[in-house]
Structure formats: C-alpha cells, structure tokens
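One structure below.
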Amino acid sequence: MPLPSQSSDDFALLHASKRTLSDRGRWTVLWMMGLVVLVVSAVMALVWYLNSFETEEEERRRGADAQWLEQSVQFHFRRLEDDLAALARQSALDGPQALRAAGQGEGDSAPAGMLWRTPGVVLAHAWLATQGTSAGDVRAWQNDQAEHDDNFQALKTLQDIVSGLRRSSYAGPMRRFDGRTTDRVWLAVPYFDGSRLMGIYVAALSTQAAVDALLPPWFLQSQTVRLVVDAVDTPPTDQAQGPYRTVMNLPGTDLMLEVVPQGPQTSTVPRIFFVVALLFLLGMLASLAALRRDFIKRQQVQQRLQAEVALRSAMERSVTIGMRAWDMTGKILYVNQAFCSMVGYSAQELRGARAPLPYWPADQADELALLHRAVISQGTQAQGIEVQFQHRSGHRVDVLIHEAPLTAADGSQLGWMSSVLDISERKRAQQLAALQQEKLEASGRLVAVGEVASTLAHELNQPLGALASFANGLLNRLRDGNITPEELHTVVQRMAQLAERAGGVIQRVNAFARRRELNLDSVDLTALVRRAVSSVQEAHATPVVLELPAQPVWVQGDALLLEHLVHNLCGNALDWAQRGTARPQVQVRLRPNANVLVTLAVADSGPGVPEAERARIFDAFFSTKDGGMGMGLAICRSITEAHHGRIFVGQDESLGGALFTVQLPLAPAPATAPCPTP
C-alpha cells in the first residue's frame, strides 16, 4: 500500500488512529483473546509435559550409555598403556630380544590386554632408544613422519611431551600424503632410569579396529557407533533425539565417538493423544481466525501505516544528519532539511540535480566525479568515505558519507540513500589534538634536554679536569725541559681524546635541543662496557671485576649515551663501595638472555640503597650523597628508556651492596661485524 505523500494526509492517518472500537467489537476481541489464551495454554502445557517426559528419559539413557562407553574406552586404553610400559621396561633392560619376544607373545610379562591381543588393533610397535639400538617397526614410525608435514610435527610433539612430562601420550590421527585423515594414531610410553630417559616405546593403533573390539553386541542392538576423526561438524549435545558424540579422552588426539540411536526411542501412545488433541485445538483456532481475519488484517495494516508515517515524520523533524536519495543515474531524488543547511542550497534547487553538483568544490570536481561514479555503481564500504563539500557561502565542510541501497516493494533497487555526517568539528578537534601532542612532545624533549644539561657539570668535569691536569703537567715538564717528543706526542694525543669526548657530550645535548632522533647504530656492548670501565677506573683505586661474554653482544643504540650510562653507574658504584664496612669491591656483569634481552648489572660492596628510597632513587634532583646534584641516576633512567629498556635497583647477594640492573633489547649482528678475537 503506497504511503501518502502530503503531510496533511499523514496527520489525517494519525488522527484516525485515535478512534475507539465499538462495544460489540471490543467484546468480540476480548472473547477471542480469552479463547486463544486458553487454547494456547492447553497446547503449551501438553507440549511441555511430553517434551519433559521424553527429554528426561532420553537424557537418562544417553547419560548411562555415554558413561559406560567412556569408562570402557579409558579402561582398555589404560590397560594398553600398561602393556607398553612393561614392554618399554623389558626393552630398556633386555634389548631387542625383549621386543621380539613380545611380538611373539612369549615371556612371563607378555602383553595380555584385549586391545593388544585383538588382531588389527596394534599395527606396528617399536622401541626408540635414546642411547643404543632401536628395534621393532621403526620403519613404520619413519614412514608416517615422512608421509605428511602434519604427521612429522605431531610425532615430534609426541616425543617432546612424553620425554618432558614423563607420561604416556598419543599423536594423530595420521594423514596420508594427499592430506586425507586416517584412523591410525601413535601411542608413546617413556621409560626413565631415575631422571635419565632410556627410550620411548611406540605403537601404531587402528582406532577403528579398537572401537569395533570394545563394543559388545548388546550395546549395538539399539544404536550404532562411528569413529569421528575430524570433529568439525559436532552436533548439539542438548538434542533429545538424534546422534550425539562423546570424546575418547586420549591425550594428544581429538577423536570422538558418534552414537546414533536406532529405531523409535519414545512411546507412540502419548504422541497419538497429543496429535488428536492438537487437531481439535487447531480446528478451533482456524474457526476463530476465519471469523476475525479481515478485522485483524485491517488493524495490522492500519497500525503499520501509522507507525511508518509517525517514524518518518519524527525523523525528518529531529534528525541532524543529512539525508540524500538519488537514482541509479545519479539524479538527486530527495534531501532533508539538515542536508540543505549543510550545503546552503534549498531542496528545490537540489532535487533533480546531476553531476557536477553545485556544492562540489571547483578544485576537486574531477576527483569527486570519479568518486561519484564509483558510489553510484557499488555504494560505499562499511567505514564510509570522507569528502569535502563547499557551502554556498564559500567555506568548506568535511563530511562522512555512507550509502545504502534504496529498494522498491518488489526488492528491485531504485538507487541509493545517503547519510551525510558533518565531521568538520571532528577534523578541527583532531588537528588541535595533533598540535597539542606536538607541543607535549616538544615539552618532553625540553625536559630531557634539561636533564642532560643538568648533568653536563659532572659529565664534563672529568674530561675538563683531566685536560687541565695534563696541560699543567705538560707546561711544567716543558719548562724544566725533561720531556721527549714521544712523551709529548702521547700527552697531546690523550688531551685530544679528552677534548673530543667533551665535544661529543655537548654535540649530543645540542642534538636533543634541536629535536633530532637518537643516533642509532649497531653497538657491541661488550667492547663498550670494557672501554667505559677502563675510563672510569683511571680516577679510582678500587678495582672493577668484569664478567663479560667472550662473544660480542649487539644492541641498537647511541654509543655515546650508552657509554655515559655505563660510566655513571660504575662511577656511582665506585664512590659507594668506599663507604661500606667490607673491602671495596665493584663487579660489572653482562649476560645475554634468550636472544631477546641483555642484562647489565653493576654491583658494589657499599651500604646499599634503603628500601624506602628505592622508589625515588631515579627521580631528578634526589640524591643521597653529600653535595650531590641528584641527576646521575635520572639520566641513566632517561638513557635506558630512550633505548626501550628498563632499569631498577636492588641488593646484590654476593657483595651485599647496591645492585643496579639495566635490561636492553638485543639486536642482530651487523653484516660487516668483525670476527671476535679469542
């Protein structure tokens, strides 16, 4: 039924919906509702009773059968595992002779389980010795490994499980070379001599033959059992009728047993009674439906029309999203007031317009024309498309468009219905957020520069002090005339190195201030630690014990900053080692960890860091030294975090003092890395 196009007709329909029914019609409706309620209640009560009765009986029977089936499978497979455990022990003690005797059923401890004795269940068995000679059907094990990649992975995992967990396990089902699944699984039983694995006894089993051997005739009289080796289409287990599945509980496999009931499972008398009663009730409902069919149909159509008209009117009055409809040729059929306000054109100006549309920006007309043709042909994706419209006043409007098919009553597509959302404010908010983020990053960089600049005093103190000492000593010896050219060359070279180091520190601070990235490169941390410790050792008498790996340890980082990190930690440890009661000692340990992290630990024999101060030890301007600036450890934390690492403090168990631990991510060795010297 076509909807009225004029708003006056819509209000007339809404006004008609307020008319009340006559007394006769009201009593008729109430009488019909009472009969319907009575009939439906009777049907529901009868259905509920029959369903509850049948469901309870079927679930009880299923539960008993499933429990028996699971227990039987577990019992016989556990017995087979015990048989293989005995064979594993004999093979480990007696060698291949025990395996040949077991295959012939000889010996006092020959396998006696039903699965072992049933022909066709055990397809192959072998002893895989850890040390020594393997025996048995080793070729069958190797053939399964080579036949398919999934078989190789499953059997390798089986070996790892039985050797790691020291228990029996299964693998399978095995696959053929073309990927088809078979019913063959492998059972593995390990044998340990104390904590040493002597070997694994494996057996290839036909699970279908095992299931056929386990099921007695009385169980198969009322149901059939099928082995499911690929349980993708698992049926619902809450069905009262039909097949159901139960797992075989073989660790390492997903084998299941599907039980299909045979023949009728419920009594037919209650069902006949229900069908007869239902026929009478349906006849009564059909009579009632025939009496009031036209009345109900008219009421339904009227209510639907009223709801659709009310919904459309409410949407047009309250929606703030622009709505636009056009046909398959691109002609605009409808726009709402929100869309008109968005672009500044009236509905009369836009209705019937075709591309190029008046609200397209002139500089984007070609791009929007291509996009327009794509939208007309296939619509938009779920995420929509973002474009720019130009308001009649000239300013740009960022919009997000979603298209939905506009279909007729028969399902044929007439065109597209567009929802157009003004996202200009969102775009401005995103730009503002990006600007704020940039300012925050700049502020963070300035804070980092402030931290580094605060430490320039004690970072540059050593090279500048050493330069002054070398210069004064050189002047004295030149004045006395007791220095050779070779000694002069050595002193000047050392002064140049110290000046270069001080200049490098200043350059790094300048690079941070200009918001440059870290000078990342592949750094051999072993050589860097040895070089930094040698430098800091010059001003201290306490020896530093190095525990470094023989091979290079590569990280991705800034060599100068990392050298500052090691220099600060070692200098701090040497200072505090003098304040302890024991003999001053400092240890530096470098240990790679699982090809992921490298741990640098600096320990001393000093008094350590109290528990209450560990949370603040890395804060800027917090110092426990007399006259300390409190920036050395703060810089260490900044350098570590800049290299995506972590630093924390604790107590060393061997020296008794503080233990500073730095963890950095490892990096692959560069292609041109030099070979390590022994």
Side-chain angles (χ1 to χ4, degrees), residues 451-469 498 501-502 505 525 528-548 561-591 598-641 645-664:
E451 291 181 352
V452 176
S454 299
T455 57
L456 281 178
H458 70 270
E459 289 290 341
L460 296 179
N461 183 53
Q462 180 185 354
L464 294 180
L467 278 172
S469 298
L498 291 173
R501 178 180 174 187
V505 174
L525 202 57
L528 185 143
V529 170
R530 184 177 285 108
R531 183 171 61 252
V533 171
S534 176
S535 175
V536 76
Q537 184 87 61
E538 295 176 356
H540 296 81
T542 303
V544 179
V545 179
L546 296 177
E547 296 182 8
L548 306 178
L561 291 181
L562 291 177
E563 187 171 351
H564 286 172
L565 170 67
V566 179
H567 186 279
N568 287 347
L569 291 178
C570 292
N572 188 68
L574 288 168
D575 291 341
W576 282 101
Q578 303 293 334
R579 308 187 184 190
T581 57
R583 182 174 60 88
Q585 299 182 65
V586 175
Q587 292 183 359
V588 178
R589 313 176 190 118
L590 186 64
R591 296 171 182 171
V598 59
T599 301
L600 171 67
V602 179
D604 60 70
S605 59
V609 180
E611 188 73 27
E613 298 178 356
R614 293 180 184 178
R616 302 178 55 199
I617 194 68
F618 297 105
D619 292 346
F621 307 110
F622 177 81
S623 176
T624 57
K625 295 181 181 179
D626 296 336
M629 295 179 59
M631 292 302 300
L633 293 178
I635 286 298
C636 291
R637 181 181 64 179
S638 299
I639 294 175
T640 304
E641 293 177 351
R646 296 191 308 157
I647 183 172
F648 43 90
V649 63
Q651 183 176 4
D652 188 68
E653 297 180 355
S654 60
L655 300 184
L659 174 64
F660 287 88
T661 305
V662 177
Q663 291 182 345
L664 297 173

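In what follows, residues are counted from 1 in the order of the sequence shown. Note that the structure is a prediction, hence the values are computed from the model and not measured.
The minimum heavy-atom distance linking P610 with G608 is given by the pair CD-O, 3.7 Å. Between I639 and L561, the shortest heavy-atom distance links the atoms CD1-O, 3.4 Å. When all heavy atoms of L659 and D652 are compared, the pair lying nearest together is CB-N, 3.7 Å. When every heavy atom of V586 is checked against every heavy atom of A577, the shortest pair comes out as CG2-CB, 4.0 Å. Scanning all heavy atoms of the two residues, the minimum distance from A573 to D604 falls at O-CB, 3.6 Å.
Residues forming a side-chain hydrogen bond (donor to acceptor under 3.5 Å, both in side chains) with T542 (at least two apart in sequence, or on another chain): Q578. Annotation: side chain to side chain contact (heavy atoms under 4.5 Å, CB included) contacts of P607 (sequence neighbours excluded): W576, R579. Annotation: side-chain hydrogen bond (donor to acceptor under 3.5 Å, both in side chains) contacts of Q651 (sequence neighbours excluded): none. Not counting sequence neighbours, the partners of T599 by the side chain to side chain contact (heavy atoms under 4.5 Å, CB included) test are T661, Q663. The side chain to side chain contact (heavy atoms under 4.5 Å, CB included) check on E547 picks up Q587, R589, R591, with sequence neighbours excluded. Residues passing the salt bridge (charged side-chain N to carboxylate O under 4.0 Å, His left out) test with R531, sequence neighbours excluded: E563. Under the rule for a salt bridge (charged side-chain N to carboxylate O under 4.0 Å, His left out), E653 has no partner lying at least two apart in sequence or in another chain. Residues forming a side chain to side chain contact (heavy atoms under 4.5 Å, CB included) with Q585 (at least two apart in sequence, or on another chain): R583, S605, L655.
Here the straight-line distance linking atom OG1 of T640 with atom CG of L569 works out to 7.5 Å at 0.5 Å rounding. Considering CD1 of I647 and CG of L565, their distance stands at 6.0 Å, rounded to 0.5 Å.
When side chains are defined from C-beta on, L633 does not count as touching N568, because their heavy atoms never get closer than 4.5 Å. At least one side-chain heavy atom of V529 sits under 4.5 Å from a side-chain heavy atom of V533.
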For side chain to side chain contact (heavy atoms under 4.5 Å, CB included), just list the numbers for V588 and V545, CA-CA rounded to whole Å, side-chain angles, deciding distance to a tenth of an Å, and then say yes or no. CA-CA 6 Å; V588 178; V545 179; over 6 Å; no

Go through the steps for F648 and V662 under the test side chain to side chain contact (heavy atoms under 4.5 Å, CB included), then give the verdict. CA-CA 7 Å; F648 43 90; V662 177; over 6 Å; no

For L546 and L590, run side chain to side chain contact (heavy atoms under 4.5 Å, CB included): C-alpha distance rounded to whole Å, both residues' side-chain angles, the deciding distance at 0.1 Å, then the answer. CA-CA 8 Å; L546 296 177; L590 186 64; over 6 Å; no

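Put simply, the side chain of S534 never gets that close to the backbone of R530: no donor and acceptor are under 3.5 Å apart.
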